[in-house]
2 protein chains.
Amino acid sequence: MRGVTTAQPLTRGRGSRRAEILEAAAALFAARGFHGTSIEDIGGAVGTSGPALYRHFSGKEALLAEMLLDVSERLHTSAANRVTEAPDAEHALDALLTGQIEFALSHPALITVHDRELGNVPEPARRQIRRLQRLYVEEWVTVLSELYPGCPPPRLRAATHAVFGLLNSTPHSAGELDPEAMAGLLRSMARAALARAQS
Amino acid sequence: MRGVTTAQPLTRGRGSRRAEILEAAAALFAARGFHGTSIEDIGGAVGTSGPALYRHFSGKEALLAEMLLDVSERLHTSAANRVTEAPDAEHALDALLTGQIEFALSHPALITVHDRELGNVPEPARRQIRRLQRLYVEEWVTVLSELYPGCPPPRLRAATHAVFGLLNSTPHSAGELDPEAMAGLLRSMARAALARAQS
DNA sequence: CGGTGAGGTTAATGATGACTAACATCGGGA
DNA sequence: TCCCGATGTTAGTCATCATTAACCTCACCG
């Protein structure tokens, strides 16, 4: 029984394993939390047993770090691009909303983990994630400042966080509405909410 | 060194210790998560060492259960009362908003734990908490149905969850604005967002 | 073929942590 | 005054878990 049943890598696509692990881990972290999920759980979810993960990540925290870094990078660069390409602030805001809603609807687990587990990321990476998050928020605040001049930035920042809360509620109300309708509802609610930040 | 330094209960108010523990635990759970917080941590936060907690709660999960049960009860009964006393749906909605905003602003840790850690509550209690949460949501949906007839309940439910997300964003944007301004901003954004649910 | 590297496997190992046991202390009745 | 209940204390106990060690195996390249 020693090393007899080994298992089949069977010509897997390059790096697909890492991605598969990250995806499984995201789902588990979202459902049970970082500390509530064991390495064995994650391994099990991808069909290998526990320690196999160390062939792909240096540890559990590193795995989380990579996951969150990737999310905050995607959010931020997507936002930056959209804003740059928009003809005016009005369209920029629409584009930001679209980006966040698309992401939240298609990756609910990542969204959940992203705003729950930052505290478990070890220091070198944590700072960078925070930085990207801050930049992402500032992307919104900048657009909103242009749209509602005269509204103090702290208020816009608070409003932005509130809208994130609204948009990221998706994982909690999963299944109530189909994605199309949900996207429309969220967009419309968010726009209306933001319009109230100016007063 | 055996049992020499015992410590002083010193005529504490009745049951105040339980409350003190619950409060400390809420702060720790909010900051580090249920599994990220040890019994020793909680004990330390109230000036006793670890196992002393078992004099007040039967275990860590029981502590969490009591905490969440209390929160969902407070939210639900407060909402039910407010709605009953309101002259019409318009005022009822205002009262619901006021209640949720007051609670979220004054107990950010409880709000955070409340929508993160339900999964760690053991079964008998979990069902009851879920039930109260459902009733709380239905309180909102009922009022909204009256206000926006013709809007399908699933949509109203999704909108309600979205608004909870918006209002509960408070813990994430702590300190940006003073509580007064924050309350006003949240209320105004929430109302505007809800108004969009009808269309 | 021969060996090498990627990716798995099962057994330690060492911490940490929930919970229990055995034992104090003290304030407040009887 | 003496006992008891409420609360603490410290030292186990037993699981669980991250991480490491030591070993396999297979695809592929020369």
Side-chain angles (χ1 to χ4, degrees), chain A residues 1-25 28-29 31-67 117 119-122 125, chain B residues 1-25 28-29 31-67 117 119-122 125:
Chain A
M1 215 56 106
R2 288 281 301 256
V4 169
T5 41
T6 303
Q8 61 296 27
L10 274 178
T11 318
R12 225 161 238 311
R14 277 268 135 270
S16 93
R17 208 57 200 257
R18 277 177 78 85
E20 194 185 350
I21 292 170
L22 284 167
E23 192 180 329
L28 288 167
F29 289 167
R32 311 184 207 163
F34 180 74
H35 291 297
T37 304
S38 73
I39 287 288
E40 192 62 35
D41 290 337
I42 303 172
V46 297
T48 79
S49 246
L53 297 190
Y54 289 88
R55 295 292 172 197
H56 303 276
F57 299 92
S58 68
K60 203 184 168 190
E61 289 184 332
L63 195 163
L64 178 67
E66 175 158 337
M67 184 163 105
E117 309 289 7
N120 293 309
V121 174
Chain B
M1 216 54 106
R2 288 282 301 255
V4 168
T5 40
T6 302
Q8 60 296 25
L10 275 181
T11 318
R12 227 163 236 310
R14 276 268 136 270
S16 94
R17 205 57 199 258
R18 277 177 79 82
E20 193 184 351
I21 292 171
L22 284 166
E23 194 181 328
L28 288 168
F29 289 167
R32 310 185 210 164
F34 180 73
H35 291 296
T37 304
S38 73
I39 287 289
E40 193 62 34
D41 289 337
I42 303 173
V46 298
T48 78
S49 245
L53 296 191
Y54 290 89
R55 295 295 172 195
H56 303 277
F57 299 92
S58 68
K60 203 184 168 191
E61 288 184 334
L63 195 163
L64 178 68
E66 175 159 336
M67 184 164 108
E117 309 288 6
N120 294 308
V121 174

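Each chain gets a letter, A, B and so on, in the order its sequence line appears, and its residues count up from 1.
Minimum atom distance to the side chain of Y54(B) is reached by dA18(C), of the listed dA18(C), dG7(C), dA18(D). For R55(A), the side-chain atoms get nearest to dA22(D) when compared with the rest of dC19(C), dA22(D), dA22(C).
Between R18(A) atom CZ and dG7(C) atom C1' the separation is 13 Å, expressed in whole Å. Between the P atom of dA15(C) and the NE2 atom of H35(A) lies a distance of 19 Å, rounded to the nearest Å.
Look at R17(B) and you won't find any side-chain N or O under 4.0 angstrom from OP1 or OP2 of dA6(D). A close approach under 4.0 Å does not occur between any side-chain nitrogen or oxygen of H56(B) and OP1 or OP2 of dA6(D).
Near DNA chain D, meaning a heavy atom under 4.0 Å from it, residues 57-67 of chain B has no residue at all. Residues from residues 37-53 of chain B with heavy atoms under 4.0 angstrom of DNA chain D, sorted by number: T48(B), S49(B), P51(B), A52(B).
Minimum heavy-atom separation, L28(A) to A45(A): CD1-CB, 4.1 Å. The two atoms that bring E117(A) and L64(A) nearest to each other are O-CD2, 3.6 Å, heavy atoms only.
Going from atom NE2 of H35(A) over to atom CG of N120(B) covers 12.0 Å, rounded to the nearest 0.5 Å. For the atom pair CG (D41(A)) and CZ (R32(A)), the distance works out to 4.5 Å, reported to the nearest 0.5 Å.
The side-chain heavy atoms of E66(B) and R18(B), taken from C-beta on, include a pair separated by under 4.5 Å. In this structure the side chain of L63(A) reaches within 4.5 angstrom of the side chain of F29(A), judged on heavy atoms.
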Solution key, residues 49-61 of chain B side-chain donor-acceptor pairs under 3.5 Å, sequence neighbours excluded:
from, atom 1, to, atom 2, distance (Å)
S49(B), OG, E40(B), OE2, 3.2
K60(B), NZ, F34(B), O, 3.0
K60(B), NZ, T37(B), O, 2.8

